[in-house]
Amino acid sequence: PFIFGLLMSFRSATLANYRTASWTGLNNYIRLFNNRFFWNSAFFTIKFAISAVFIELLLGTGLALFYFLVQFPFKRILFIGMILPMMIAPIFYGVSLKLALNSLYGSIPWLLNHIGLNIDFFSTPAASFWTLVGIDTWQWTSFVFLLVYGGLQSVPNETIEAATVDGVNRWQMIWNILIPQTLSILGVAVVLRAIDAFKIFGIIYVITGGGPGVATRSASLQTWYYMFGQFDLGMAAAYTIVFAIFVYLASLIFVRKLMR
């Protein structure tokens with residue numbers, strides 16, 4: 001698929017003529033970089049990935065530390081509830097939340113209205129953006145939680161017991177022992193979630209369709225529009241190659257810094 005996409009990115013290919021499309025060199029890439037929808041979707045995707053991954057990392061790590069350090073009733077039952085959102089299919093998850101957040105008949109705006117809060121989750125580009133970030137956070141914080149919690153389980157009990165005997169308080173144990181011991185796991189969590197966030201498609205397609213206007217159109221969704229909206233296989237292939245290279249290089253730089 002990658003080689004096919006690379007070849008198509010240098011041809012004036014459409015869905016109708018991709019077998020006989022003529023060679024156009026870098027024309028598709030020139031058109032792509034001069035297209036405002038490309039830049040809009042690229043900036044949106046980068047901003048979305050950074051925001052979502054940062055929030056998920058904070059919440060997932062915080063919940064993992066809480067579960068690791070604090071004993072409370074029904075811990076196993078709540079653990080199962082924590083990972084349930086991650087198991088739901090994105091399309092089903094998106095349709096359910098689209099109905100629940102609808103300003104006309106959604107259950108969540110209805111409940112908020114009863115406590116004096118009139119919120120339209122999709123009325124402006126900013127509202128739509130943060131609503132999508134919140135939806136992604138709700139579903140994928142559990143993934144970060146699982147990775148970090150698993151990493152905390154590997155911390156030697158002797159280390160924790162020695163710190164406790166030395167009079168280390170809980171905050172000191174977190175910052176000086178637990179976080180450093182799980183730093184590599186945190187790095188893996190960031191890379192995996194960032195890669196997934198960069199290619200987000202289903203949730204946005206179902207909930208906002210890229211709107212209002214094109215304000216929430218991600219890179220994957222913009223590629224879909226090039227392909228199935230304009231039937232421009234060459235542009236879609238060029239965008240795919242450009243963004244694949246960007247994600248690869250960003251991941252490579254982050255992993256190299258992490259391994260130092």
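Just so it is clear, the model here is predicted, and its values are computed rather than measured.
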Is [X] linked to [Y] within one hydrophobic cluster, defined over Ile, Leu, Val, Met, Phe, Trp and Tyr using a side-chain heavy-atom separation of less than 4.5 Å?
{"X": "F122", "Y": "W110", "value": "no"}
{"X": "L63", "Y": "W175", "value": "yes"}
{"X": "L252", "Y": "F2", "value": "yes"}
{"X": "I80", "Y": "V70", "value": "no"}
{"X": "V165", "Y": "I160", "value": "no"}

Over all heavy atoms of both residues, which pair between [X] and [Y] is shortest? Give the atoms and the distance, please.
{"X": "D136", "Y": "A52", "answer": "OD2-CB, 3.6 Å"}
{"X": "F68", "Y": "Q153", "answer": "CD1-NE2, 3.8 Å"}
{"X": "A21", "Y": "R11", "answer": "O-NH1, 2.9 Å"}
{"X": "V155", "Y": "Q181", "answer": "CG2-CB, 3.9 Å"}
{"X": "I177", "Y": "T159", "answer": "CG2-CG2, 3.8 Å"}
{"X": "A236", "Y": "T223", "answer": "O-CG2, 3.6 Å"}

Does either side chain, that of [X] or that of [Y], offer a donor lying less than 3.5 Å from an acceptor on the other one?
{"X": "S12", "Y": "S22", "result": "yes"}
{"X": "N28", "Y": "R31", "result": "yes"}
{"X": "T14", "Y": "N17", "result": "yes"}

For [Y], does its backbone N or O pair with a side-chain atom of [X] as donor and acceptor, under 3.5 Å?
{"X": "T24", "Y": "F10", "answer": "yes"}
{"X": "S220", "Y": "K199", "answer": "yes"}
{"X": "N34", "Y": "I30", "answer": "yes"}
{"X": "S9", "Y": "A238", "answer": "no"}
{"X": "S154", "Y": "G151", "answer": "yes"}
{"X": "T131", "Y": "F121", "answer": "yes"}
{"X": "S103", "Y": "D120", "answer": "no"}

[atom2] on [Y] to [atom1] on [X], rounded to 0.5 Å:
{"X": "M227", "Y": "M8", "atom1": "CE", "atom2": "CE", "value": "10.0 Å"}
{"X": "I207", "Y": "N102", "atom1": "CD1", "atom2": "CG", "value": "11.5 Å"}
{"X": "I83", "Y": "T141", "atom1": "CD1", "atom2": "OG1", "value": "14.0 Å"}
{"X": "I108", "Y": "I119", "atom1": "CD1", "atom2": "CD1", "value": "10.5 Å"}
{"X": "L65", "Y": "I174", "atom1": "CG", "atom2": "CD1", "value": "5.0 Å"}
{"X": "L186", "Y": "T61", "atom1": "CG", "atom2": "OG1", "value": "4.5 Å"}

Once the angle between the rings of [X] and [Y] is folded into 0 to 90°, is it parallel (under 30°), tilted (30 to 60°) or perpendicular (over 60°)?
{"X": "F198", "Y": "F243", "value": "perpendicular"}
{"X": "Y205", "Y": "F201", "value": "parallel"}
{"X": "F33", "Y": "F38", "value": "perpendicular"}

Stepwise side-chain contact (heavy atoms from CB on, under 4.5 Å) check, Q139 with I203: CA-CA 11 Å; Q139 185 171 26; I203 292 292; 4.3 Å; yes
Atom [atom1] of [X] with >12 non-hydrogen neighbours under 6.0 angstrom:
{"X": "L249", "atom1": "CG", "result": "yes"}
{"X": "F92", "atom1": "CZ", "result": "no"}
{"X": "W138", "atom1": "CH2", "result": "no"}

task: Could you go through the side-chain contact (heavy atoms from CB on, under 4.5 Å) check for F79 and L146 one step at a time?
output: CA-CA 10 Å; F79 182 89; L146 279 177; 3.6 Å; yes
task: For F37 and Y225, run ring pair (Phe, Tyr, Trp, His ring centres under 6.0 Å): C-alpha distance rounded to whole Å, both residues' side-chain angles, the deciding distance at 0.1 Å, then the answer.
output: CA-CA 10 Å; F37 297 120; Y225 274 106; 9.1 Å; no
State, with a plain yes or no, whether a side-chain heavy atom of [X] is found less than 4.5 Å away from one of [Y].
{"X": "L111", "Y": "L117", "answer": "no"}
{"X": "K47", "Y": "F129", "answer": "yes"}
{"X": "W130", "Y": "S51", "answer": "yes"}
{"X": "R217", "Y": "T208", "answer": "no"}
{"X": "F4", "Y": "L7", "answer": "no"}

For I55, the option from V53, L59, L57, L58 that meets side chain to side chain contact (heavy atoms under 4.5 Å, CB included):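 Exactly one candidate clears the test, L59.
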- prompt: Hey, mind stepping through I195 and S251 against side-chain contact (heavy atoms from CB on, under 4.5 Å) and telling me if it holds?
  reply: CA-CA 8 Å; I195 291 172; S251 301; 3.9 Å; yes
- request: Would you please test S218 and L221 for side-chain contact (heavy atoms from CB on, under 4.5 Å) and show each step?
  value: CA-CA 5 Å; S218 66; L221 189 57; 3.5 Å; yes
message: For I77, give me all partners under side chain to side chain contact (heavy atoms under 4.5 Å, CB included), at least two apart in sequence or on another chain.
response: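 Scan of I77 (side chain to side chain contact (heavy atoms under 4.5 Å, CB included), adjacent residues dropped) gives F74.
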- prompt: Who pairs with Y93 by side-chain hydrogen bond (donor to acceptor under 3.5 Å, both in side chains), at least two apart in sequence or on another chain?
  reply: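 Counting only residues at least two positions away or on another chain, Y93 forms no side-chain hydrogen bond (donor to acceptor under 3.5 Å, both in side chains).
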task: Decide ring pair (Phe, Tyr, Trp, His ring centres under 6.0 Å) for Y67 and F145; before the verdict, give the C-alpha distance in whole Å, the side-chain angles of both, and the deciding distance to 0.1 Å.
output: CA-CA 10 Å; Y67 263 74; F145 164 77; 5.2 Å; yes
